Amino acid sequence: MIRLFNTLSGQIEVLAPADASSFRMYACGPTVYDYGHIGNFRTFCHVDVLRRALLLEGLKLRHVMNITDVDDKIIRNAAQAGVPISEYTKKFERAFFEDLDALTVAHPEVIARATENISTMVRLIQRLAAQGYAYRTEDGSWYFRISRFPEYGKLSKKDLSGMADGARVDVDEYEKDSARDFALWKAPKPGEHFWQTELGPGRPGWHIECSAMAMEYLGDTLDLHAGGEDLMFPHHENEIAQSECATHHTFARHWFHVRFLLVEGRKMSKSEGNFFTLRDLLLKGYKASAIRMLLISVPYRQQLNFTFEGLAGETAAVDRLRTFHQRMMSAPRATETNRELLAETEVCLRGFRAGLENDLNTAEARAAIFDLVRAGNIAADAGAVSEENAAVILETLREFDSVFAVLEDRDSAITKFALDWAEQEGRLDQAAPEVIAQQGLSDERIQALVEERTQAKRSRNFARADQIRNDLAGKGILIEDSKDGVRWRRK
RNA sequence: GGCGCGGUACCCAAGUGGUAAGGGAGAGGUCUGCAAAACCUUUAUGCGCCGGUUCGAUUCCGGCCCGCGCCUCCA
């Protein structure tokens with residue numbers, strides 16, 4: 001049973017679906033106006049961890065994520081690029097999913113695009129209007145009347161009663177009744193793309209899309225709603241207001257918010273020069289698996305300080321796990337089962353599960369797995385790993401990886417993908433030279449050099465052997481000799 | 001100003017009223033032609049500061065200092 005912090009109640013609660021047949025969750029997705037940055041992906045990775053942990057609990061999932069494919073930035077950027085917004089958003093939506101795949105983030109069961117659900121939003125707004133929660137302004141926009149919803153602020157714990165209506169109204173807003181009232185439907189400005197609907201011409205406000213689509217695909221009450229911490233207010237607060245006023249039911253039973261990350265101790269921002277997209281890091285030669293590991297290793301409610309030193313550390317940590325995984329698959333088997341190791345494995349598995357169940361404490365969960373790595377290595381060094389031991393350890397690693405998803409080495413292919421993309425986009429100058437050099441070497445070429453080195457060693461020509469090894473090392477290829485033969489891998 | 005989170009070794013970080021997990025980095029060792037990988041040993045009498053409660057506090061309470069986040073569309 002997973003215990004998880006609920007922003008709404010401010011407490012840690014046991015997470016269970018209202019209806020046992022499926023766990024219904026909604027996670028706010030991206031606005032597809034640019035490439036995603038590592039801050040975005042920290043949130044998506046942690047939602048992915050939640051998703052995977054729920055599956056591990058044996059729950060059936062129905063997970064919906066929206067794609068915001070119309071908003072001010074999109075309209076602006078598409079106009080600048082001189083392309084229709086659909087063409088503009090398609091490009092970044094594709095890039096977004098490519099990035100999710102690189103980070104092994106599983107896709108939700110349902111992807112809901114705002115532009116494909118306009119009529120659902122219109123109906124929701126009409127429902128609100130019919131009950132007096134929405135009003136139309138002179139320019140043809142529709143707003144939500146916050147004063148009609150006394151519980152407004154219950155998620156973000158804001159007391160808005162002290163804020164007098166109309167105390168400070170932006171001059172460019174059309175006569176809203178209150179400064180806090182938010183747009184449900186925006187009348188088009190000249191030249192803007194719009195939908196002709198029963199509400200009049202225009203496009204949806206941002207908040208309404210999540211309410212409308214969440215309820216369309218999941219019903220009036222969700223088991224859980226997720227997003228970055230910044231969305232808590234006003235976005236999620238507004239979603240609650242719209243949804244609960246329309247249906248008079250609880251909108252989401254549990255609210256899950258992922259904290260922002262810092263980069264080198266500072267808030268990530270373009271002006272600070274510490275703003276990184278996933279693709280930036282891949283071109284610098286950092287492995288996708290290490291990035292995922294770093295993003296999820298600090299528990300979701302904790303601020304993560306993303307540093308390059310930390311990233312290098314996680315690269316080593318992932319390597320260590322993979323090396324251990326390989327070793328457990330191939331290590332010579334002892335005839336007798338190591339009871340002590342069996343017991344240690346059990347303790348580690350329990351520790352792993354306990355960590356996850358404890359408010360998704362990924363740091364605690366992964367510590368248990370590293371305990372297993374040590375125990376397994378010690379036993380393997382002593383030749384005391386039986387078939388049964390190996391099987392149980394491998395099963396534990398499988399369970400670990402069903403959540404962490406870092407053991408399979410797809411890094412080289414992902415880096416190659418990023419390089420191909422950079423080439424197409426004319427951004428190859430952003431790639432680190434070593435990365436380009438390494439990718440220029442095919443597996444076959446490396447294999448040939450490794451064999452040449454082995455021959456050189458056999459004839460005790462260590463100078464030549466070391467030269468090959470050093471050359472390859474300079475291109476990020478590591479050679480490891482072992483009793484079972486020579487292994488090589490891309491650093 | 002309002003609301004919230006945090007300050008644990010060189011870095012990241014878990015954690016508990018009874019004496020500090022884990023990862024990385026560093027140092028020494030085993031192994032190796034040399035490396036790498038792996039393993040062993042080692043690195044906080046100490047958990048921001050000051051008081052208090054307690055047999056005992058890093059863990060509870062109070063005060064202070066510092067950092068961070070949100071407070072109109074940024075995950």
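Quick note on labels: first sequence line is chain A, next is B, and so on, each numbered from 1. As the structure is a prediction and not an experimental result, all values here were calculated from the model.
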Engineer: Do A/Tyr88 and A/Asn77 pair up side chain to side chain, a donor and an acceptor below 3.5 Å, judged on atom types alone?
Structural biologist: yes
Engineer: Return the value, rounded to whole Å, for the distance between atom CD of A/Gln11 and atom P of B/G4.
Structural biologist: 14 Å
Engineer: Could you tell me how far apart A/Ile378 (CD1) and B/U41 (C1') are, to the nearest whole angstrom?
Structural biologist: 12 Å
Engineer: Could you check which of B/A35, B/A38, B/G23 has an atom nearest any side-chain atom of A/Asp381?
Structural biologist: B/A38
Engineer: Using purine N1 to pyrimidine N3 plus N6-O4 or O6-N4 for Watson-Crick, or N1-O2 and O6-N3 for G-U wobble, both under 3.5 Å, which nucleotide pairs with B/U58?
Structural biologist: none
Engineer: Answer yes or no: does atom NZ of A/Lys189 have more than 12 heavy-atom neighbours from other residues, nucleotides or ligands under 6.0 Å?
Structural biologist: no
Engineer: Categorize A/Phe370 for me: base, sugar-phosphate, or nothing, with a 4.0 angstrom heavy-atom threshold over every strand shown.
Structural biologist: sugar-phosphate
Engineer: Can you measure A/His257 atom NE2 to B/C5 atom C1' for me and round it to whole angstrom units?
Structural biologist: 15 Å
Engineer: Assign A/His37 to base, sugar-phosphate, or nothing according to its heavy-atom contacts below 4.0 angstrom with the strands shown.
Structural biologist: base
Engineer: Touch check for A/Leu478, heavy atoms < 4.0 angstrom, all strands: base, sugar-phosphate only, or nothing?
Structural biologist: nothing
Engineer: Looking at residues 460-474 of chain A, who's got a heavy atom less than 4.0 Å off RNA chain B?
Structural biologist: A/Phe462, A/Asp466, A/Arg469
Engineer: NA contact type, A/Asp71, heavy-atom cut-off 4.0 Å: base, sugar-phosphate, or nothing?
Structural biologist: nothing
Engineer: Need the pair for B/C64. Rule: Watson-Crick or G-U wobble, both distances under 3.5 Å, any strand; none if unpaired.
Structural biologist: B/G48
Engineer: May I ask you to say whether A/Glu314 pairs ionically with A/Arg366, meaning some side-chain N is under 4.0 Å from a carboxylate O?
Structural biologist: yes
Engineer: Once you apply the 3.5 Å cut-off to both distances, tell me the Watson-Crick or G-U wobble partner of B/U19, or none.
Structural biologist: none
Engineer: Is the base of B/G69 stacked against the aromatic ring of A/Phe260, taking ring centres under 5.5 Å apart and planes under 30° as the test?
Structural biologist: no
Engineer: Scan every strand shown for a Watson-Crick or G-U wobble partner of B/A36, both distances under 3.5 Å, and answer none if you come up empty.
Structural biologist: none
Engineer: Side chains of A/Glu13 and A/Ser9: do they bring a donor and an acceptor to under 3.5 Å?
Structural biologist: yes
Engineer: Under a 3.5 Å limit for both distances, which nucleotide forms a Watson-Crick or G-U wobble pair with B/U53, could you say?
Structural biologist: none
Engineer: Using a cut-off of 4.0 Å on non-hydrogen atoms, how would the nucleic acid contact of A/Lys491 be classed: base, sugar-phosphate, or nothing?
Structural biologist: nothing
Engineer: Would you say the side chains of A/Gln11 and A/Asn6 form a donor-acceptor pair under 3.5 Å?
Structural biologist: no
Engineer: Taking the same atom, C1', in B/G24 and in B/U42, what whole-Å distance lies between them?
Structural biologist: 16 Å
Engineer: Would you indicate what A/Asn377 reaches in the nucleic acid, counting non-hydrogen atoms under 4.0 angstrom: base, sugar-phosphate, or nothing?
Structural biologist: sugar-phosphate
Engineer: Please figure out whether A/Asp371 or A/Ser156 has its closest RNA chain B nucleotide nearer the 5' end.
Structural biologist: A/Ser156
Engineer: I'd like to know whether the aromatic ring centres of A/His257 and A/His236 sit less than 6.0 Å apart in this structure.
Structural biologist: yes
Engineer: A/Phe149 vs A/Tyr152 aromatic rings, parallel, tilted or perpendicular, using cut-offs 30° and 60°?
Structural biologist: perpendicular
Engineer: Mind checking A/Glu480 for me? I need base, sugar-phosphate or nothing, with any heavy atom below 4.0 Å counting as a touch.
Structural biologist: base
Engineer: Does the side chain of A/Thr307 pick up a donor-acceptor pair with the side chain of A/Glu264 at under 3.5 Å?
Structural biologist: no
Engineer: With sequence neighbours excluded, what pairs up with A/Arg279 under the side-chain hydrogen bond (donor to acceptor under 3.5 Å, both in side chains) test?
Structural biologist: A/Glu98, A/Asp99
Engineer: What is the distance, to the nearest angstrom, from the CZ atom on A/Arg301 to the P atom on B/G7?
Structural biologist: 13 Å
Engineer: For A/Asn274, what residues pass the side-chain hydrogen bond (donor to acceptor under 3.5 Å, both in side chains) criterion, not counting sequence neighbours?
Structural biologist: none
Engineer: Identify whether NZ of Lys or CZ of Arg in A/Lys158 sits under 6.0 Å from the centre of the six-membered ring of A/Phe233 and within 45° of that ring's axis.
Structural biologist: yes
Engineer: Under a 3.5 Å cut-off for both contacts, is B/U42 paired Watson-Crick or G-U wobble with anything, and if yes, with which nucleotide?
Structural biologist: B/G26
Engineer: Output the rounded distance in Å from CZ (A/Phe233) to P (B/C70).
Structural biologist: 13 Å
Engineer: Going 5' to 3' through nucleotides 9-14 of chain B, assign each nucleotide B (protein heavy atom under 4.0 Å from a base atom), S (under 4.0 Å only from sugar-phosphate atoms) or - (no protein heavy atom that close).
Structural biologist: --S-SS
Engineer: Tell me which of A/Lys457 and A/Asp230 sits closer to the 5' end of RNA chain B, going by the nucleotide each one is nearest to.
Structural biologist: A/Lys457
Engineer: Parallel, tilted or perpendicular: which fits the ring planes of A/His235 and A/His207, with parallel below 30° and perpendicular above 60°?
Structural biologist: tilted
Engineer: Centres of the A/Phe96 and A/Phe92 rings: under 6.0 Å?
Structural biologist: no
Engineer: Just name whichever nucleotide pairs with B/C70, Watson-Crick or G-U, keeping both distances under 3.5 Å, else none.
Structural biologist: B/G2
Engineer: Run the salt-bridge test on A/Lys186 and A/Asp139 with the 4.0 Å N-O cut-off and return the result as yes or no.
Structural biologist: no
Engineer: Give the residues of residues 25-36 of chain A touching RNA chain B, defined as any heavy atom closer than 4.0 Å, sorted by residue number.
Structural biologist: none
Engineer: For A/Asp411, is there an ion pair with A/Arg490 - N to carboxylate O distance below 4.0 angstrom?
Structural biologist: no
Engineer: With the threshold set at 4.0 Å, does a side-chain nitrogen-carboxylate oxygen contact exist between A/Arg52 and A/Asp48?
Structural biologist: yes
Engineer: With a 4.0 Å cut-off on heavy atoms, is A/Arg266 in touch with a base, just the backbone sugar-phosphate, or nothing at all?
Structural biologist: nothing
Engineer: Can you list, in residue-number order, the parts of residues 318-328 of chain A that come under 4.0 Å of RNA chain B, counting heavy atoms only?
Structural biologist: A/Arg320, A/Thr323, A/Arg327
Engineer: Out of B/A21, B/C74, B/A25, which has the shortest distance to the side chain of A/Ala367?
Structural biologist: B/A21
